[in-house]
Amino acid sequence: MCKGLAALPATCLKSAKDMKHRLGFLLQKSDSCDYSSSQGKKEKVSSSQRLSQEEVRKWADSLENLIHHDRGLAAFRAFLKSEYSEENIEFWVSCEEYKKTKSPAKLSPKARKIYDEFISVQATKEVNLDSCTREKTSHNMLEPTLSCFDEAQRKIFTLMEKDSYRRFLKSPYYLDLVSPPGAGCGPENCKRNHTHTLDCNSNIISQCA
């Protein structure tokens, strides 16, 4: 023991040793927590990826399955945006949100906002509705209720179901997710291409969500 340390009281030396021991223990615990946290995140990501792949296959069953899944909705929105027809899905989503309104006082201003944006003659994102449905929806604006857009929403849903949804299922926005390129190659290349495709599509979906 050096002369400087020998001059210190025994209680100080003991405190210093205790502090060193505690510090070492905390560092080990921190490393262990970081590792556990990292492993947990990896497991969650892996689980999420497996779930999304299972859901992707279900998207081809119906438009309802597709747009009621967060990632499916984002992918479909991205596809519609590429076709310059995203106003249809935006209108559908707005109607879904509108039907969740709990305060009667908020019904009228919310309904007017949706009407002005998607249905009126000067709508900035006018959706394709027949004159009868448009007239009926306009009449509903006099006394807005939670169901005042139901018929218009159904018409737009049917329009997407018969038209853009079918094209979506044949587009890279869907095919690259459900059947990544390079599926017939060797194990290593296949794994690499599959991961690359998932990353690319995840970026597209996250940007458009």
Side-chain angles (χ1 to χ4, degrees), residues 41 43-104 106-107 109-119 123-130 133-134 136-137 140 144-180 194 197-209:
K41 288 180 180 178
E43 289 177 1
K44 286 181 180 180
V45 170
S46 176
S47 176
S48 175
Q49 288 177 348
R50 286 198 300 272
L51 176 62
S52 66
Q53 286 300 297
E54 292 171 2
E55 291 299 328
V56 164
R57 296 183 183 91
K58 294 179 182 178
W59 297 349
D61 293 340
S62 68
L63 175 59
E64 189 170 359
N65 282 353
L66 173 66
I67 60 181
H68 279 93
H69 187 281
D70 289 342
R71 287 192 176 184
L73 176 62
F76 189 51
R77 190 195 297 267
F79 169 72
L80 292 179
K81 190 172 183 179
S82 73
E83 291 198 334
Y84 304 99
S85 60
E86 66 268 26
E87 69 277 357
N88 290 326
I89 193 62
E90 288 182 9
F91 172 67
W92 185 88
V93 170
S94 294
C95 290
E96 287 294 291
E97 290 298 321
Y98 173 78
K99 287 186 287 188
K100 298 176 184 178
T101 304
K102 296 181 179 180
S103 172
K106 293 181 179 180
L107 285 179
K110 283 188 175 183
R112 177 53 59 180
K113 185 177 184 296
I114 293 174
Y115 180 83
D116 290 343
E117 187 174 7
F118 298 103
I119 300 176
T124 55
K125 300 178 181 179
E126 185 178 359
V127 292
N128 187 14
L129 292 171
D130 59 88
T133 303
R134 192 180 299 274
K136 183 176 180 179
T137 306
N140 290 342
T145 63
L146 290 177
S147 61
C148 65
F149 293 111
D150 282 2
E151 185 171 344
Q153 186 184 19
R154 280 195 298 269
K155 290 294 179 70
I156 294 303
F157 180 91
T158 301
L159 179 65
M160 292 190 294
E161 186 177 40
K162 293 182 177 180
D163 186 26
S164 51
Y165 171 60
R166 295 180 180 179
R167 292 198 304 276
F168 168 78
L169 294 179
K170 297 178 182 179
S171 76
Y173 287 85
Y174 177 73
L175 295 179
D176 285 356
L177 285 170
V178 73
S179 180
H194 179 73
T197 303
L198 282 177
D199 290 341
C200 290
N201 282 281
S202 295
N203 289 335
I204 292 175
I205 293 176
S206 63
Q207 291 172 4
C208 300

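Note that the structure is predicted; figures quoted are calculated from it, not measured.
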Is there a side-chain contact between Thr145 and Asn140, using heavy atoms and a 4.5 Å cut-off? no
Is there side-chain contact between Glu126 and Arg134, with heavy atoms separated by less than 4.5 Å? yes
Looking at Phe149 and Ala111, what are the two nearest heavy atoms and their distance? CZ-O, 3.3 Å
Quick check: do Cys148 and Tyr115 have side-chain heavy atoms less than 4.5 Å from each other? no
Could you list the residues that satisfy salt bridge (charged side-chain N to carboxylate O under 4.0 Å, His left out) with Glu64, not counting sequence neighbours? none
With rounding to the nearest 0.5 angstrom, report the CG to CZ distance, Leu63 to Phe157. 4.0 Å
Reported CG-to-CG distance for the pair Asp61 and Leu66, which is rounded to 0.5 angstrom: 10.5 Å
Work out which heavy atom in Ser82 is nearest to a heavy atom in Tyr173; give both atom names and the distance. CB-OH, 3.5 Å
Inspect the contact between Glu97 and Lys100 and indicate whether a charged nitrogen and a carboxylate oxygen are less than 4.0 angstrom apart. yes
What residues form a side-chain contact (heavy atoms from CB on, under 4.5 Å) with Ser85, not counting sequence neighbours? Leu80, Glu83, Glu87, Asn88
What pairs with Glu90 under side-chain contact (heavy atoms from CB on, under 4.5 Å), at least two apart in sequence or on another chain? Arg77, Glu86, Phe118, Lys125
Check whether any side-chain heavy atom of Val93 lies under 4.5 Å from a side-chain heavy atom of Leu73, and answer yes or no. yes
Taking atom OG of Ser171 and atom CG of Asp176, what is their separation to the nearest 0.5 Å? 8.5 Å
Residues forming a salt bridge (charged side-chain N to carboxylate O under 4.0 Å, His left out) with Lys58, sequence neighbours excluded: Glu55
Which heavy atom of Tyr174 sits nearest to which heavy atom of Phe168, and what is that distance? CB-O, 3.3 Å
Roughly how far apart are Glu161 CD and Ser62 OG, rounded to 0.5 Å? 8.0 Å
Does Thr124 have any side-chain contact (heavy atoms from CB on, under 4.5 Å) partners at least two apart in sequence or in another chain, and if so, which? Glu117
Phe91 and Ile119: CA distance, side-chain angles, deciding distance, side chain to side chain contact (heavy atoms under 4.5 Å, CB included) verdict: CA-CA 9 Å; Phe91 172 67; Ile119 300 176; 4.0 Å; yes
If I compare all heavy atoms of Lys170 with all of Leu175, which pair ends up nearest, and what's the gap? O-CD1, 3.3 Å
Tell me the closest heavy-atom pair linking Ala152 and Thr137, and the distance in Å. CB-OG1, 3.8 Å
If we count only N and O atoms by modelled type, under 3.5 Å, do the side chains of Asp130 and Thr133 hold a donor and an acceptor together? yes
So which atom in Asn65 and which in Trp59 form the shortest heavy-atom distance, rounded to 0.1 Å? O-CD1, 4.0 Å
Taking side-chain contact (heavy atoms from CB on, under 4.5 Å) as the test, write out the residues that go with Glu96, two or more places apart. His68, Trp92, Lys99, Gln153
Drop me the distance from Leu146's CG to Lys102's NZ, to the nearest 0.5 angstrom. 11.5 Å
Please examine the side chains of Lys113 and Tyr98, heavy atoms only from C-beta on, and report whether any two atoms are closer than 4.5 Å. no
